[in-house]
Protein chains: 2
Amino acid sequence: MADKLTAKAEQTRAGIVDAALRLFRSEGYDAATMRAIADEAGVSLGSTYYYFSGKEELIQAFYDQLQVDHGAAAETAFDRAAFADRLRGVMESFVDVAEPFHDFGGQFFRNAADPRSPLSPFSAESAPAREASTALFRRAVEGSDLKVAPALSQELPELLWLLHMGVVLFWVHDDSEGQRRTRTLIAGLVPLVDRSVRLTRLPLVRGLVDDGIGLVRSLRG
Amino acid sequence: MADKLTAKAEQTRAGIVDAALRLFRSEGYDAATMRAIADEAGVSLGSTYYYFSGKEELIQAFYDQLQVDHGAAAETAFDRAAFADRLRGVMESFVDVAEPFHDFGGQFFRNAADPRSPLSPFSAESAPAREASTALFRRAVEGSDLKVAPALSQELPELLWLLHMGVVLFWVHDDSEGQRRTRTLIAGLVPLVDRSVRLTRLPLVRGLVDDGIGLVRSLRG
DNA sequence: ACGCTCTTTTGAACACGTTCAAGAAGGAGA
DNA sequence: TCTCCTTCTTGAACGTGTTCAAAAGAGCGT
C-alpha cells in the first residue's frame, strides 16, 4: 500500500486525503461517509478502499494532522523557563488547536478507546503520534528550571502525556462554551502538578515516588 | 417503552435480553448481531426494536448485570478493617467478575469516550450504575480504619471510582493471560493509594490536597 | 502494433444497524 | 358475536462500511 506508487496514483491518494479532511471539518464525522469522500475526491468508492484499508485509516490522517498542528502551536510555550508555564502552554495549545473539531471530537475519539482499533492512542500504529506528543511534554520538562530525581524525570514526560489524555477525555465531555471548563481544569491542574513534582524531594514522599516508578517500569517490561 | 406491558410482552422482552446476554457471552460483540439476537430469542428483527431503542440499550443491560455481579463479588472485601485490604478487594473482584467478558469488554469500552452515547460512564443514563459502583468505594473508605480530613473523605469515593475507571481502561488494553498485568497493577497501586492518602495529613501536602479538592468542586458546580 | 504483466479503477454485492408502514392479536364495550 | 382501539409483531427497505471479481489503463519488450 505504502509501496511504490505512480505519480498519478500518489496524486489520487492525496486527493482522497484532502477530500476526507475537508469533509470531516465541514460536515463532521457522521456525514463524511466513504461514498461522500469518494465523490468529493472525484473517484469511485472502490478506489478509496484501494488506497486506504478503511475509514479508520482516513481518520488517522486527520489525527496526525491535528498532532502536527498541536506541535506548531505549542512552540511558543518553550520561550519561558518556568516548568509550570511550559506545561500550561503545551496543554492550552491543544484546546486552542482542537476547538474547531470539538463537536465531532466525541465521535472521533470513540474509535480511539477501542483497544483493537489502530486509532487507539495506545496502539502500535499510533506510536509515532504518541511519541510526537510525548516529545512536547519532554521539552516542557527538560528545558525548564525543574529539578527532580533522575528516575522521575525520565518517566515524567510519559506520565504527563497520560495526564494529557485525561484532559482530552474531559475536553471531549466538556460542552461549555469555548471549552471554558477544560481551560479551568488546566489552569488549576498545572500548579498542582508543578507543586506535586517539587514535593517529590521530600524524604517521606520520595519512597512513595520510587515505588510508583518501580510499578510503572515493571508494567511496561 | 418501560410503560405497562402485557405479561406476555414482558416475557418477550425478557427473552430478548436473555438471548442478547447469551450471545454476547458466547459469540462476542461482533457476532451478536441484532438479527442473531432476534433469531435466538425467536422473534422478528422488528420486535427487538419495539422493546429496545437499539443495540446500545441491549449492551446497557449487559453492563448493568456486570455491575450487579461486581457488587456481589466485592461483598467479601468488607470483612476486613484495613483500608488497603478493602480497596484491593473491590478492585480485584472486578477483574474476577469481568474476566469472562474481557474480549467483549474492549468493544464495549468504545462507547465510553463518546460523550453523546448513553453508555458513557459519565452520561446521565449511566448515573445509577455509576452511583452503585461509587458506593462500593465509599464502603471501602467509610468502614475502614482510615483517618483523613473530612473534606477529602467526602470526595475520596468518587476519586477512587475515577481511578477504577483508569484501571478498567488498562484492563481493556491488557491482553496478558488472565489479565495478569492488571492484577499486578492493582497489587502495586493499592499500597500506593493507601500511603498517599495517609500522607495527606502532612502539613506540606495538606495545602496541595485542599487546592485539589477545591478544583474538583469548582469543576463540578 | 501487438501481447504481456502489473497497477489502478470500477460498480455490484454483502451484512450490518436502524426505520417504518402495515398487519395480527387481544381485549373491552355493545 | 361484532366493532373498535390499543398493543404487539412483522418483513421489506434504507444507508452504511466493506469486499471482490472484473475491467481499464499504463508501461515495456518484441
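The chains referred to below are lettered A, B, ... by the order of the sequence lines, with proteins before strands, and numbering in each begins at 1. Predicted model, so just to flag it, every value in this text is computed and none were measured.
- Across all strands shown, A/Gly54 has heavy atoms under 4.0 Å from sugar-phosphate atoms exclusively, and none from any base.
- Residue B/Arg80 qualifies as open at atom CZ: its count of foreign heavy atoms under 6.0 Å is 12 or below.
- The distance from atom CD of A/Gln11 to atom C1' of C/dT9 is 15 Å, rounded to the nearest whole Å.
- Looking at residues two or more places apart in sequence or on another chain, you find no salt bridge (Lys or Arg N to Asp or Glu O under 4.0 Å) involving B/Glu142.
- Of the residues in residues 29-45 of chain B, those lying under 4.0 Å from DNA chain D by heavy-atom distance are B/Arg35, B/Val43, B/Ser44.
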Which atom pairs, donor and acceptor, lie under 3.5 Å between side-chain atoms of residues 33-43 of chain A and protein residues at least two apart or in another chain?
from	atom 1	to	atom 2	distance (Å)
A/Thr33	OG1	A/Ala36	N	3.0
A/Glu40	OE2	A/Arg22	NE	2.9
A/Glu40	OE2	A/Arg22	NH2	3.3

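- Take A/Arg130 and apply the salt bridge (Lys or Arg N to Asp or Glu O under 4.0 Å) test, not counting sequence neighbours, and it matches no residue.
- Between B/Tyr49 and C/dT18 there is a side-chain polar atom (N or O) within less than 4.0 angstrom of OP1 or OP2.
- Within the 4.0 Å cut-off from OP1 or OP2 of C/dT8, at least one side-chain nitrogen or oxygen of A/Tyr50 is found.
- Regarding contacts with the backbone of C/dT9, a side-chain N or O of A/Tyr51 is found under 4.0 angstrom from either OP1 or OP2.
- Here B/Phe94 pairs with B/His70, B/His164, B/Trp171 under the ring-ring contact (aromatic ring centres under 6.0 Å, His included) rule; sequence neighbours left out.
- Scanning for side-chain hydrogen bond (donor to acceptor under 3.5 Å, both in side chains) contacts around B/Asp175 gives an empty result, with sequence neighbours left out.
- Partners of A/Phe170 under the ring-ring contact (aromatic ring centres under 6.0 Å, His included) rule, at least two apart in sequence or in another chain, do not exist in this structure.
- Sorted by first and then second residue, the pairs that involve residues 181-191 of chain A and meet side-chain hydrogen bond (donor to acceptor under 3.5 Å, both in side chains), not counting sequence neighbours, are A/Asp96-A/Arg183, A/Glu99-A/Arg183, A/Asp174-A/Thr182.
- Listed pair B/Lys8 / D/dC8 fails the phosphate criterion, with no side-chain N or O lying under 4.0 Å from OP1 or OP2.
- Atom pair A/Glu56:CD and D/dG17:P shows a separation of 12 Å (rounding to whole Å applied).
- Not one side-chain nitrogen or oxygen of A/Ser47 sits closer than 4.0 Å to the OP1 or OP2 atom of C/dT8.
- Rounded to 10°, the angle separating the first-five-pair axis and the last-five-pair axis of the helix from C/dA1-D/dT30 to C/dA30-D/dT1 equals 30°.
- Shown for residues 15-24 of chain B: no residue has heavy atoms falling under 4.0 angstrom of DNA chain C.
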**OP:** Check the pair A/Phe101 / A/Phe24 against ring pair (Phe, Tyr, Trp, His ring centres under 6.0 Å), numbers first and verdict last.
**Re:** CA-CA 9 Å; A/Phe101 317 112; A/Phe24 280 145; 9.8 Å; no

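- Spacing between atom CG of A/Leu58 and atom P of D/dG17 amounts to 11 Å, rounded to whole angstrom units.
- Applying the side-chain hydrogen bond (donor to acceptor under 3.5 Å, both in side chains) test to B/Asp18 and every residue at least two apart in sequence or in another chain returns nothing.
- Evaluation of the salt bridge (Lys or Arg N to Asp or Glu O under 4.0 Å) rule for A/Glu158 yields A/Arg220 as partners, not counting sequence neighbours.
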